[in-house]
Engineer: 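Below are the structure tokens for one structure; questions will follow.
These numbers come from the heavy atoms of this one structure, side chains and all, not from hydrogens, waters or symmetry mates. Just so we're on the same page: letters track the sequence lines, and every chain starts at 1.
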Number of protein chains: 2
Amino acid sequence: MTKEQPPPRPSEQPKLRDVAKAAGVHAATASRALNPDTRGLVNAETARRVLKVAKALGYRPNPIARSLKTARTRTVGLVIPDLTNPLFPPIVRGIEEVLEAAGYSAWLTNTDDDPRREQTLIDSLRSRQVEGLIVATARLRHPLLESLHRQGVRMVLINRRTQEPDIPSVTADDAVGTALAVKHLAGLGHRRIAHLAGPRHTSTGVIRASAFRHAIRDHGLADDPELTVECAQWTEEEGARAMSGLLERGVECTAVVAGNDLIALGCYDAFSRHGLSCPDDVSVVGFNDMPFLDKLRPPLTTVALPHHDIGVEAARMLLECIEEPERHPRSVLLPVSLAVRGSTASLRGSTGAGATAGKARRPRR
Amino acid sequence: MTKEQPPPRPSEQPKLRDVAKAAGVHAATASRALNPDTRGLVNAETARRVLKVAKALGYRPNPIARSLKTARTRTVGLVIPDLTNPLFPPIVRGIEEVLEAAGYSAWLTNTDDDPRREQTLIDSLRSRQVEGLIVATARLRHPLLESLHRQGVRMVLINRRTQEPDIPSVTADDAVGTALAVKHLAGLGHRRIAHLAGPRHTSTGVIRASAFRHAIRDHGLADDPELTVECAQWTEEEGARAMSGLLERGVECTAVVAGNDLIALGCYDAFSRHGLSCPDDVSVVGFNDMPFLDKLRPPLTTVALPHHDIGVEAARMLLECIEEPERHPRSVLLPVSLAVRGSTASLRGSTGAGATAGKARRPRR
DNA sequence: TTGTATGCGTTATCAA
DNA sequence: TTGATAACGCATACAA
């Protein structure tokens, strides 16, 4: 009486019984022969025969049946905000590379950073019996994750560290990255460096902003609160808004450390609107090293994150949590590097962008 | 005796029997009550009670067990070359959007366009009992897909049309896109337009090249075989190589239709190497409208494909194939548009890039 | 070393 | 309208 009855394709696939019958043994024996872990229990000759028959018939064990029996799915859930954010594809590939080699597969879900979708999607993943979760969430506070963790759900966080230290995480070393950016600019002679910070409710936003203050002090540069502006979102629009605000308030600065590459792109927009030239008037450093940044004019200097490795490490760590649950959870910080390109240049006696905004040296057409 | 024995988390999840027991009915009744399709078979009052209990207990049906029984997984396989190609994320999101709404999920696999991986991964997907495949392969000849199709594997092709017309496919209208590009350039006064074609073993490569010839003739432009060059790959390097070759052979042209955006980026490189300026000396049109192309200098004029819609249509079509197998397979061509930006400009009496190569008007520093 | 029996959680068939 | 029962394909405790 079910409405839709799409003819469940006759699963012409041979099943264990077919292999067993063809090999002249019982299904249980075939099962043991086929499974590397139990192959030792079976006569070597018999095992060889079973294996040969299985290959000849093109037998592939049905993972559904196997999962039902073993209560293991060899499946994990990937929870990311948005696959079209170029940050994530390389991470996902790194993850899948490791999972595939280990015989695992992943369900991929996009939350759009919407807490309700997160809840729903994670529920759905759990009901699909995933053995673990890799979660990329920007938000700093995250009751859902904490609750899941307390329930014993195995998970690894990427791209965000949590306040409770006992959820394993894999992140790029944002602090070092920020320090690298500031050091680079300081080395070029910049003394008044601005920071367009990411949202303060995000882990990376907070960490980078804090690292920025530290680096500024370490280098003895201008430690002016006005030089740090928070962007409400990690977007080009917000970057442009923040940068324009800085310029319009007349805050002097000759260089900017942007919270991420999109914010840096927003700076480009603001400069062009205010008739400033990068890097002649202002230098900019981005964060993330998105693809094609080297094609911009000027090519963007940015902190390069090991995206692929983040995925690799996260997957390895999750597999470890799954297969050796007694091991201590740990958090890994991956090294970053600075991709120096055309958006940063040495200071040439300029009085700074703030002072020159509006009366630019090189007005655009 | 199995080696690894990761404590199969005690599945604290309530199961159907728990719900049934708590509702004071038999499991079969609970099952019928819970399933919208069979709910009519059960007393309305009983059904309500079961539903309430299920919600109270937080019951989630186990899709593994259900799949084993019903031989339906509500699962499809996505086979794409490489997720880090910015073409694919929006397509994937479009697909997942539709699948999610229909209660399906997708396994995502990256083939790196390696036939052996394709074979392996598709095998793996099939053994996971996917009900259909969405396949993005560039290659024109594809025995594997043809064989799968003959075996009755439900699938939809994207990004490539097959020679046998009976495999359903969803593609952007490459021919119209190419024509749009040529028309745009012709309208700007260009008469000698080159085409840096994609590899001839790819569907899009061939279709775009052929559409290019047609468009050239339709507009009565220079129909010179020298003006078409094949790139061995869809890469920036190949694009640069092809464009440089054209310039070094002294082939006159004032505009280029690139096979895709990466090839167009290669043109930028070649121009800069040869001291040419785009669009002053040569105009370029790309294909695909990758992200951030508008940030290039000059911003790239390109044929914009409805990536998200391609995914949406492909998923819809696959679901149709699965749920109404008797329906005729069809192929859909999605409309494209031209994103006009800064890399194309009207011809200004130039004698063309070929003639000026090497003695550029605006040498770079 | 192999076979027998059982059960994983669900749905479908049959009988009541 | 509901309950009993079997079965999906496999793995495993137990017996032989």
Engineer: Pairing donors with acceptors under 3.5 angstrom, does anything connect the side chains of A/Arg128 and A/Ser124?
Structural biologist: yes

Engineer: Using the side chain to side chain contact (heavy atoms under 4.5 Å, CB included) definition, which of the options A/Ile167, A/Leu133, A/Val79 pairs with A/Leu157?
Structural biologist: A/Ile167

Engineer: Only one of A/Asp113, A/Leu144, A/Thr111, A/Ile80 passes side chain to side chain contact (heavy atoms under 4.5 Å, CB included) with A/Thr137; say which it is.
Structural biologist: A/Asp113

Engineer: List, one per line, each side-chain donor-acceptor pair under 3.5 Å for residues 17-25 of chain B, sequence neighbours excluded.
Structural biologist:
unit_1  : atom_1 : unit_2  : atom_2 : d
B/Asp18 : OD2    : B/Lys15 : N      : 2.8

Engineer: Without decimals, in angstroms, what is the distance between A/Asn35 CG and D/dG9 C1'?
Structural biologist: 15 Å

Engineer: Looking at every strand, decide which applies to A/Thr46 at a 4.0 Å heavy-atom threshold: base, sugar-phosphate, or nothing.
Structural biologist: sugar-phosphate

Engineer: Using five pairs at each end of the helix from C/dT1-D/dA16 to C/dA16-D/dT1 to define an axis, what is the angle between those two axes, to 10°?
Structural biologist: 40°

Engineer: Contact class for B/Pro63 vs. all strands (heavy atom < 4.0 Å): base, sugar-phosphate, or nothing?
Structural biologist: nothing

Engineer: Taking for each residue the nucleotide of DNA chain D with the nearest heavy atom, is it A/Ala27 or B/Ala27 whose nucleotide lies nearer the 5' end?
Structural biologist: B/Ala27

Engineer: How do A/Thr29 and B/Thr29 order along DNA chain D: which one's closest nucleotide is nearer the 5' end?
Structural biologist: B/Thr29

Engineer: Please state whether the phosphate of D/dC10, meaning OP1 or OP2, lies under 4.0 angstrom from any side-chain nitrogen or oxygen of A/Tyr59.
Structural biologist: yes

Engineer: Would you kindly give the CZ-to-C1' distance between A/Arg39 and C/dT2, to the nearest whole Å?
Structural biologist: 17 Å

Engineer: Keeping to residues at least two apart or across chains, list the side-chain hydrogen bond (donor to acceptor under 3.5 Å, both in side chains) pairs with something in residues 47-62 of chain A.
Structural biologist: A/Glu45-A/Arg48

Engineer: Looking only at the side chains, is there a donor atom on one of A/Ser105 and A/Thr75 sitting less than 3.5 Å from an acceptor on the other?
Structural biologist: no

Engineer: Is the phosphate of D/dA4, meaning OP1 or OP2, less than 4.0 Å from a side-chain N or O of B/His26?
Structural biologist: yes

Engineer: Distance check needed: D/dT12 C1' versus A/Leu41 CG, whole Å only.
Structural biologist: 10 Å

Engineer: Show me the donor-acceptor pairs, under 3.5 Å and distance only, between side chains in residues 93-101 of chain A and residues at least two apart or in other chains.
Structural biologist:
unit_1   : atom_1 : unit_2   : atom_2 : d
A/Arg93  : NH1    : B/Asp82  : OD1    : 2.9
A/Arg93  : NH1    : B/Asp112 : OD1    : 2.7
A/Arg93  : NH2    : B/Asp112 : OD1    : 3.4
A/Arg93  : NH2    : B/Asp112 : OD2    : 3.1
A/Glu97  : OE1    : A/His308 : NE2    : 2.7
A/Glu100 : OE1    : B/Arg117 : NH2    : 3.3
A/Glu100 : OE2    : B/Arg117 : NH1    : 3.1

Engineer: Considering only D/dT1, D/dG3, C/dT2, which nucleotide approaches the side chain of B/Asn43 most closely?
Structural biologist: D/dT1

Engineer: Could you check whether any side-chain N or O of B/Asn85 sits under 3.5 Å from a backbone N or O of B/Phe88, counting only pairs where one atom can act as donor and the other as acceptor?
Structural biologist: no

Engineer: To the nearest Å, how far apart are B/Asn62 CG and C/dT11 C1'?
Structural biologist: 13 Å

Engineer: Could you list all N or O pairs between the protein and nucleotides 6-8 of chain C that sit under 3.5 Å apart?
Structural biologist:
unit_1 : atom_1 : unit_2  : atom_2 : d
C/dG7  : N2     : A/Lys69 : NZ     : 3.2
C/dG7  : N3     : A/Lys69 : NZ     : 3.4
C/dC8  : O2     : A/Lys69 : N      : 3.3

Engineer: Please list each protein N or O that sits under 3.5 Å from an N or O in nucleotides 13-16 of chain C, with the distance.
Structural biologist:
unit_1 : atom_1 : unit_2  : atom_2 : d
C/dT13 : O4     : B/Arg32 : NH1    : 3.4

Engineer: Are A/Ser169 and A/Ser331 close enough that a side-chain donor and a side-chain acceptor fall under 3.5 Å?
Structural biologist: yes

Engineer: To the nearest angstrom, how far is A/Glu45 atom CD from C/dT2 atom C1'?
Structural biologist: 15 Å

Engineer: Find the distance between CD1 (A/Ile64) and OG (B/Ser67) and round it off to the nearest 0.5 Å.
Structural biologist: 4.5 Å

Engineer: Reckon B/Ser31 has a side-chain N or O less than 4.0 Å from the OP1 or OP2 of C/dT11?
Structural biologist: yes

Engineer: Rounded to the nearest angstrom, tell me the gap between atom CG in A/Asp18 and atom C1' in D/dC10.
Structural biologist: 13 Å

Engineer: Please report, rounded to the nearest Å, how far the P atom of D/dA11 is from the CD1 atom of B/Ile64.
Structural biologist: 14 Å

Engineer: Between A/Glu131 and A/Arg154 (salt bridge meaning N to carboxylate O under 4.0 Å), is one present in this structure?
Structural biologist: no

Engineer: Return the value, rounded to whole Å, for the distance between atom CZ of A/Arg72 and atom C1' of D/dC10.
Structural biologist: 16 Å

Engineer: Could you tell me if the side chain of B/Thr202 sits less than 4.5 Å from the side chain of B/Leu140, heavy atoms only?
Structural biologist: no

Engineer: From the set D/dA11, C/dT2, C/dG3, return the single nucleotide nearest to any side-chain atom of A/Leu16.
Structural biologist: D/dA11

